[in-house]
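Naming: A, B, ... by sequence-line order, numbering from 1 per chain.
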2 protein chains.
Amino acid sequence: MKSQKRTTIYDIAQKLSIAASSVSRALSNSTKVNAATKALVLKTAAEMNYQQNAMASNLRKGNNPTIGVVVPMINQNFFSNIIAGLEEVTYKKGYNLIICQSNELHAREVDCVNALINQHVSCIIISIAAEMGPHQHLQQVLDHRIRLIQFDRVVDELDTFKVINDNEQASYEAVLHLVAQGYKRIALLEGPQDIDIFRQRKEGYLNALRKSGFPILEELMCENAWTKELGAEATAQLLNSPEPPDAIFASTSDFSALGVLEVATDKGIAVPEALGICGYSNEPFTEITSPSITTIDQYSISMGKTIANLYFQDMEEFDFNVETKVVSIKPKLIVRKSTSRI
Amino acid sequence: MKSQKRTTIYDIAQKLSIAASSVSRALSNSTKVNAATKALVLKTAAEMNYQQNAMASNLRKGNNPTIGVVVPMINQNFFSNIIAGLEEVTYKKGYNLIICQSNELHAREVDCVNALINQHVSCIIISIAAEMGPHQHLQQVLDHRIRLIQFDRVVDELDTFKVINDNEQASYEAVLHLVAQGYKRIALLEGPQDIDIFRQRKEGYLNALRKSGFPILEELMCENAWTKELGAEATAQLLNSPEPPDAIFASTSDFSALGVLEVATDKGIAVPEALGICGYSNEPFTEITSPSITTIDQYSISMGKTIANLYFQDMEEFDFNVETKVVSIKPKLIVRKSTSRI
DNA sequence: CTGAAAGCGCTTACAG
DNA sequence: CTGAAAGCGCTTACAG
């Protein structure tokens with residue numbers, strides 16, 4: 001038992017005195033096999049506790065029904081929802097999912113991608129780490145004829161499928177909502193501007209100001225305020241300035257918005273009456289703060305499903321429309337109490 | 001380019017007019033190879049964009065440095081933290097992680113386990129689905145000489161490594177804390193009693209009542225109150241009863257505790273003065289409700305690391321102490337405002 | 001419908 | 001240090 005090897009197709013063949021190829025055919029449910037033989041093989045395989053060796057099978061067949069996923073952080077709501085969505089679709093197709101996290105580090109992202117290339121996965125699905133670097137590793141994926149799908153944080157120059165949120169439009173609508181609620185001095189907490197999604201969100205903010213005939217004021221835009229702590233710091237500065245804002249759009253995340261809310265509460269500033277707050281991501285907690293926080297839902301689970309479906313569609317369709325390489329999902333503004341003062 | 005095959009060890013060998021075995025040795029950094037040859041091979045491999053085929057290598061070596069993980073839900077805080085912890089350790093060891101989710105369904109759990117056996121993973125790490133069934137699939141894992149580590153929700157009868165929380169002790173301490181705060185009628189929201197962790201938590205509750213000389217009252221124990229909605233329902237009933245409780249221990253989850261808090265708030269019942277509330281899991285939101293919710297932290301990330309280390313320790317040590325097959329992690333009571341009335 | 005043979009891409013004793 | 005050969009466990013043309 002201890003050093004016993006797993007039973008192979010040959011063990012079954014030997015036991016039944018037939019050829020290994022027949023066993024293989026019986027097991028793979030081929031039509032070119034006698035029904036009686038097939039039944040016997042199946043029965044014997046079960047008795048001998050046979051389980052196929054997927055490595056051998058995949059090697060021989062030259063394909064590996066496995067998709068590699070590289071995300072910055074597995075345990076972040078957005079990404080774990082993406083993974084859950086992916087898994088739901090790939091499971092039904094009999095695909096496995098290999099998960100890696102870059103921890104927002106470029107070097108680690110490169111490592112993960114290389115490991116996945118070695119694994120001969122059929123597809124790599126990736127959201128780029130915050131610490132950016134050259135993207136030869138992604139070009140490598142393509143060179144090795146592995147499909148590549150980028151999502152959320154993508155490298156524009158690379159000609160791959162991209163599934164993104166329409167960050168600009170979502171931000172635009174969020175800011176217009178603030179304007180409609182009568183806020184006049186709307187501040188922006190920005191994320192690192194070398195990351196595309198944060199640039200887009202800023203663009204949406206600027207467009208909404210222009211559209212509303214509001215001035216664009218440098219002093220109302222705070223860089224790199226993308227954690228709760230940094231959001232709180234930026235807020236403290238904003239609120240202490242001679243002309244403080246009457247609304248803050250924490251475009252980076254709900255965590256940042258939470259920082260804003262805590263500082264406002266500490267200072268006894270009424271939300272939403274004296275200060276409107278809007279976050280980004282629709283983290284579960286935004287519903288239960290007091291007041292609840294207006295935010296933007298990214299449909300992360302369904303985004304995961306969309307990504308996976310894109311791969312299978314691309315695999316299965318003959319003339320997949322190359323024009324539709326970028327799928328943009330429109331996020332939804334969720335209006336809650338933190339901005340409802342009318 | 002389009003139908004080009006990936007370069008193999010043979011392509012390199014041919015180009016350099018040496019044997020494939022030498023290429024293999026050079027690539028695997030063997031000592032039995034001339035330094036000059038090795039350098040040449042490495043250079044050529046890079047030029048030819050060579051990447052090893054892990055399937056072939058693993059098949060030949062008869063081992064697959066991959067760990068399969070089966071969890072009920074990937075996108076639940078506890079589990080995604082476990083996975084993050086696992087990944088941190090396995091990444092450093094050069095192992096891959098294949099992730100599956102059972103969606104709390106037994107049939108799907110069986111599917112996942114079988115797929116992982118086929119993959120010849122080295123180890124399967126699992127937390128059992130809520131919908132329980134026979135566990136032959138787990139016995140199969142053992143029969144196929146794959147290591148099995150159970151965590152959190154485990155099957156007791158199976159002789160495998162188990163990494164669990166000391167649920168009983170944690171519940172015991174939580175209830176003693178409620179007693180110390182002067183609460184006299186402490187209700188329990190239970191989870192399904194066929195799941196071990198929920199039985200253990202109930203046991204801790206009962207022990208604490210006995211220890212405190214409190215009566216055990218059936219009318220204060222509510223079955224299957226393990227979601228926010230069910231928690232809210234149970235709470236409404238409890239608070240409408242002739243002798244309502246003055247504290248509720250939502251032993252199932254913080255979500256359940258949140259349901260309690262919402263009902264209490266709706267009814268205008270002061271928390272913690274008139275009603276104490278304690279949850280379980282230390283979900284991020286417990287910190288930011290008003291009042292913040294007392295709960296129990298399960299150290300999920302470090303639990304993930306512990307699990308992974310257990311595997312590697314078992315692999316590497318010669319005489320691993322078989323006695324230590326169950327690792328019990330003591331969760332920590334986090335006292336917050338929802339129970340602090342003294 | 002069945003069998004014998006080749007081969008997926010690698011690694012590793014075995015000689016030299 | 002290097003090469004020729006065998007084999008990991010499977011699948012698939014090729015004959016029959």
Side-chain angles (χ1 to χ4, degrees), chain A residues 3-42 44-45 48-66 117-122 144-146, chain B residues 3-42 44-45 48-66 117-122 144-146:
Chain A
S3 59
Q4 180 187 302
K5 281 188 32 202
R6 288 164 64 144
T7 91
T8 71
I9 247 173
Y10 271 88
D11 299 327
I12 300 175
Q14 197 171 8
K15 181 149 191 178
L16 298 178
S17 303
I18 60 176
S21 42
S22 295
V23 176
S24 172
R25 279 188 282 256
L27 253 20
S28 65
N29 208 15
S30 161
T31 50
K32 314 188 223 163
V33 67
N34 185 314
T37 316
K38 187 194 280 189
L40 187 59
V41 168
L42 257 29
T44 312
M48 296 177 76
N49 207 12
Y50 172 79
Q51 289 265 13
Q52 191 200 49
N53 183 328
M55 286 189 291
S57 171
N58 294 338
L59 174 62
R60 178 56 231 256
K61 289 196 284 193
N63 91 314
N64 183 3
T66 299
I117 294 176
N118 285 0
Q119 289 295 323
H120 273 229
V121 296
S122 302
H144 284 275
R145 311 196 5 75
I146 294 173
Chain B
S3 58
Q4 179 186 304
K5 279 186 36 197
R6 288 164 65 144
T7 92
T8 70
I9 247 173
Y10 271 89
D11 300 327
I12 300 175
Q14 198 171 7
K15 182 151 192 176
L16 298 179
S17 302
I18 60 176
S21 42
S22 294
V23 176
S24 172
R25 279 189 283 257
L27 255 18
S28 64
N29 208 16
S30 161
T31 50
K32 315 187 224 166
V33 67
N34 184 313
T37 317
K38 187 195 279 190
L40 187 59
V41 168
L42 256 31
T44 312
M48 296 178 77
N49 207 11
Y50 172 79
Q51 288 265 13
Q52 190 200 50
N53 183 328
M55 286 189 292
S57 172
N58 294 338
L59 175 61
R60 178 54 231 258
K61 289 196 285 193
N63 90 314
N64 184 4
T66 299
I117 293 176
N118 284 0
Q119 289 295 324
H120 274 230
V121 296
S122 302
H144 283 274
R145 310 196 4 77
I146 294 174

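Candidate nucleotides C:dC10, D:dT12, D:dG3 were compared by shortest atom distance to the side chain of B:Ile18, and D:dG3 ranks first. Comparing C:dG9, D:dT11, D:dT2 against the side chain of B:Asn53 picks out C:dG9 as the nearest. The side chain of B:Ala19 lies closest to D:dA4 when the candidates are D:dA4, D:dC10, C:dG9. Listed nucleotides C:dC10, C:dT12, C:dG7 differ in distance to B:Arg25; the shortest reach to its side chain belongs to C:dT12. When each of C:dT2, C:dA6, C:dG9 is scored by its nearest atom to the side-chain atoms of A:Asn34, the top-ranked nucleotide is C:dT2.
The CG-P distance, from B:Asn64 to C:dC10, rounds to 16 Å in whole Å. Separating the CG atom of A:Leu40 from the P atom of C:dT2 is a distance of 11 Å, rounded to the nearest angstrom. Distance CG (A:Leu16) to P (C:dT2): 12 Å, rounded to an integer number of Å. In this structure, B:Ile9 places its CD1 atom 11 Å from P of C:dT12, rounding to the nearest Å. C:dC10 atom C1' lies 13 Å from atom CG of B:Asp11, rounded to whole Å. Distance CG (B:Leu59) to P (C:dG7): 17 Å, rounded to an integer number of Å. Atom CG of B:Asn58 and atom P of C:dT12 are 11 Å apart (whole Å). When rounded to the nearest whole Å, the span between CZ of A:Arg6 and P of D:dC8 equals 15 Å.
Not a single donor-acceptor pair under 3.5 Å links the side chain of B:Asn53 to the backbone N or O of B:Thr8.
The side chain of A:Ser21 contributes no N or O atom lying less than 4.0 Å from OP1 or OP2 of C:dG3. For the pair A:Ser24 and D:dT11, the criterion of a side-chain N or O lying under 4.0 Å from OP1 or OP2 is met. Considering only side-chain N and O atoms, B:Ser22 lies under 4.0 angstrom from the phosphate OP1 or OP2 of D:dG3. For A:Tyr50, a side-chain nitrogen or oxygen approaches OP1 or OP2 of D:dC10 to under 4.0 Å. For C:dT2, the OP1/OP2 oxygens have a side-chain nitrogen or oxygen of A:Thr37 closer than 4.0 Å.
Comparing B:Lys61 and B:Ser17 by the nucleotide of DNA chain D whose heavy atom lies nearest to each, the residue mapping closer to the 5' end is B:Ser17. Nearer to the 5' terminus of DNA chain D, by closest-nucleotide assignment, is the contact made by B:Ala35 (compared with the other of B:Ala35 and A:Tyr10).
Between B:Val41 and B:Ser22 the shortest side-chain heavy-atom distance does not fall below 4.5 Å. Using a 4.5 Å heavy-atom threshold, the side chains of A:Lys15 and A:Thr44 count as touching. Looking at heavy atoms from C-beta onward, A:Arg6 lies out of side-chain contact with B:Arg145 at the 4.5 angstrom threshold.
When all heavy atoms of B:Ala19 and B:Ala13 are compared, the closest pair comes out as C-CB, 3.9 Å. Nearest heavy-atom pair, A:Ile9 versus A:Leu27, reported as atom, atom and distance to 0.1 Å: CG1-CD2, 4.0 Å.
Comparing D:dG16 with D:dT12, their C1' atoms are spaced 16 Å from each other, to the whole Å.
Pairing partner, D:dA15: C:dT2, with both Watson-Crick or wobble hydrogen-bond distances short of 3.5 Å.
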